Amino acid sequence: MSPVRRIAAGLALATVATLAIATPASAHDQLITSSPAADEQLAVAPESITMNFSGELLVLDESLTGAVVLVVDASGKDWVSGDVTVAGRTVTAPLEPGMPTAGYQVRWQVVSEDGHPIAGVVPFTVGDAEPMAAPASGGAAETPAASAEQPDQNAADSSGIVRVLLIGAGGAAAAILVLVLIRFLRRPRTAAAPPEDGGSAADDL
């Protein structure tokens with residue numbers, strides 16, 4: 001194999017390797033910790049909800065952060081009393097005072113660092129109350145854990161589709177590049193024709 005063809009083959013392999021390594025590196029941010037924590041039983045009602053994520057969350061502007069936080073009880077009342085704030089990886093939502101003994105759910109949605117929305121549910125209780133049952137879906141009640149996992153599953157499915165499309169586009173581009181290089185390298189070289197003996201110069205004599 002000629003040196004030029006070795007370089008072309010090396011470039012093709014490098015392109016494929018880069019696509020294979022870079023594709024799984026992209027991942028959505030995840031909720032790392034929260035206060036209250038999931039399934040935590042509090043003696044007194046909290047004054048605010050704080051959630052910490054694995055990456056820097058996207059903020060649209062000062063009036064619209066891109067984060068939505070609801071703290072609801074069994075009746076559907078939302079106990080968030082003010083604006084939700086996003087500071088780097090931390091989301092904070094203030095709560096109304098006087099939350100009674102009951103089960104609650106923190107229903108949140110934020111914009112991940114990769115621009116994809118992610119969502120989940122954090123259940124907790126105040127006092128000796130029973131955990132709040134998840135809302136029924138299609139006549140069957142879901143557990144809080146199932147409600148929290150469903151958005152993550154949807155995000156994973158959507159990410160998988162986009163990832164497959166990106167891999168296909170990158171692979172097609174790499175294949176076209178390799179094909180063009182091979183066709184160029186295999187093109188026969190044309191040599192300059194030598195002057196004919198006894199040409200026109202002799203005829204002029």
Side-chain angles (χ1 to χ4, degrees), residues 24-163:
S26 176
H28 301 310
D29 295 328
Q30 296 180 351
L31 177 63
I32 302 301
T33 61
S34 65
S35 178
D39 300 320
E40 184 176 359
Q41 187 173 23
L42 305 175
V44 296
E47 297 180 356
S48 64
I49 299 295
T50 302
M51 294 177 289
N52 297 305
F53 292 83
S54 59
E56 298 284 333
L57 302 177
L58 294 186
V59 178
L60 303 181
D61 55 45
E62 294 182 357
S63 60
L64 185 62
T65 63
V68 177
V69 178
L70 303 176
V71 179
V72 298
D73 56 20
S75 67
K77 174 180 171 60
D78 181 17
W79 288 86
V80 175
S81 62
D83 294 333
V84 176
T85 60
V86 177
R89 303 184 180 191
T90 303
V91 176
T92 305
L95 299 177
E96 294 182 15
M99 294 174 65
T101 298
Y104 298 89
Q105 286 183 352
V106 181
R107 301 175 183 175
W108 57 267
Q109 177 173 310
V110 298
V111 181
S112 179
E113 190 173 14
D114 62 359
H116 197 285
I118 56 175
V121 176
V122 179
F124 70 94
T125 58
V126 175
D128 296 330
E130 293 293 327
M132 176 181 165
S137 176
E142 298 178 355
T143 63
S147 300
E149 292 173 358
Q150 184 63 34
D152 295 336
Q153 181 64 36
N154 293 337
D157 294 342
S158 176
S159 174
I161 295 173
V162 174
R163 189 170 300 172

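On a predicted model such as this, the values are computed, not experimentally measured, just so you know.
- The two residues Ser112 and Asp29 come nearest to each other via the heavy atoms OG-N, 2.9 Å.
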Legend entry - Verdict with supporting geometry, Val80 and Glu96, side chain to side chain contact (heavy atoms under 4.5 Å, CB included): CA-CA 6 Å; Val80 175; Glu96 294 182 15; over 6 Å; no
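- At most 12 non-hydrogen atoms from other residues, nucleotides or ligands lie less than 6.0 angstrom from CD of Gln30.
- Interatomic distance, Thr125 OG1 to Asp39 CG, rounded to the nearest 0.5 Å: 8.5 Å.
- Here the side chains of Leu95 and Ile49 are in contact, with some heavy-atom distance below 4.5 Å.
- Taking each heavy atom of Thr90 and Thr92 in turn, the nearest pair found is CG2-OG1, 4.0 Å.
- The closest side-chain heavy-atom distance from Arg89 to Leu57 is not below 4.5 Å.
- Between Val71 and Met99, the closest side-chain pair of non-hydrogen atoms falls below 4.5 Å.
- Residues Ala129 and Gly103 come closest through the heavy atom pair CB-N, 3.9 Å.
- Distance CE/Met51 to OG/Ser35: 11.0 Å, rounded to 0.5 Å.
- Taking the side chain as every heavy atom from C-beta outward, Pro46 and Val126 approach each other to under 4.5 Å.
- Across all non-hydrogen atoms, the minimal contact from Gly55 to Glu113 is CA-OE1, 3.8 Å.
- Of the inter-residue distances, the one linking Ile118 atom CD1 with His28 atom NE2 reads 8.0 Å to the nearest 0.5 angstrom.
- The line from CG of Asn52 to CD1 of Ile32 is 8.5 Å long, rounded to the nearest 0.5 Å.
- With a 4.5 Å cut-off on side-chain heavy atoms, Val91 and Thr85 do not count as touching.
- Considering only heavy atoms from C-beta on, Val122 stays 4.5 Å or farther from Gln105 through its side chain.
- Side-chain atoms of Trp108 and Leu70, non-hydrogen and from C-beta on, never get closer than 4.5 Å to each other.
- Contact record, Gly127 with Thr101: CA-CG2, 3.9 Å, taken as the closest heavy-atom pair.
- At least one side-chain heavy atom of Phe124 sits under 4.5 Å from a side-chain heavy atom of Val106.
- Summarising the geometry, atom OH belonging to Tyr104 is positioned 6.0 Å from atom CG belonging to Asp73; distances are rounded to the nearest 0.5 Å.
- Across every non-hydrogen atom of Ala67 and Val86, the tightest pair is CB-CG2, 3.6 Å.
- Within a 6.0 Å radius of CG in Asp83, no more than 12 heavy atoms belonging to other residues, nucleotides or ligands are found.
- Annotation: Glu47, atom CD; neighbour count of heavy atoms from other residues, nucleotides and ligands within 6.0 Å does not exceed 12.
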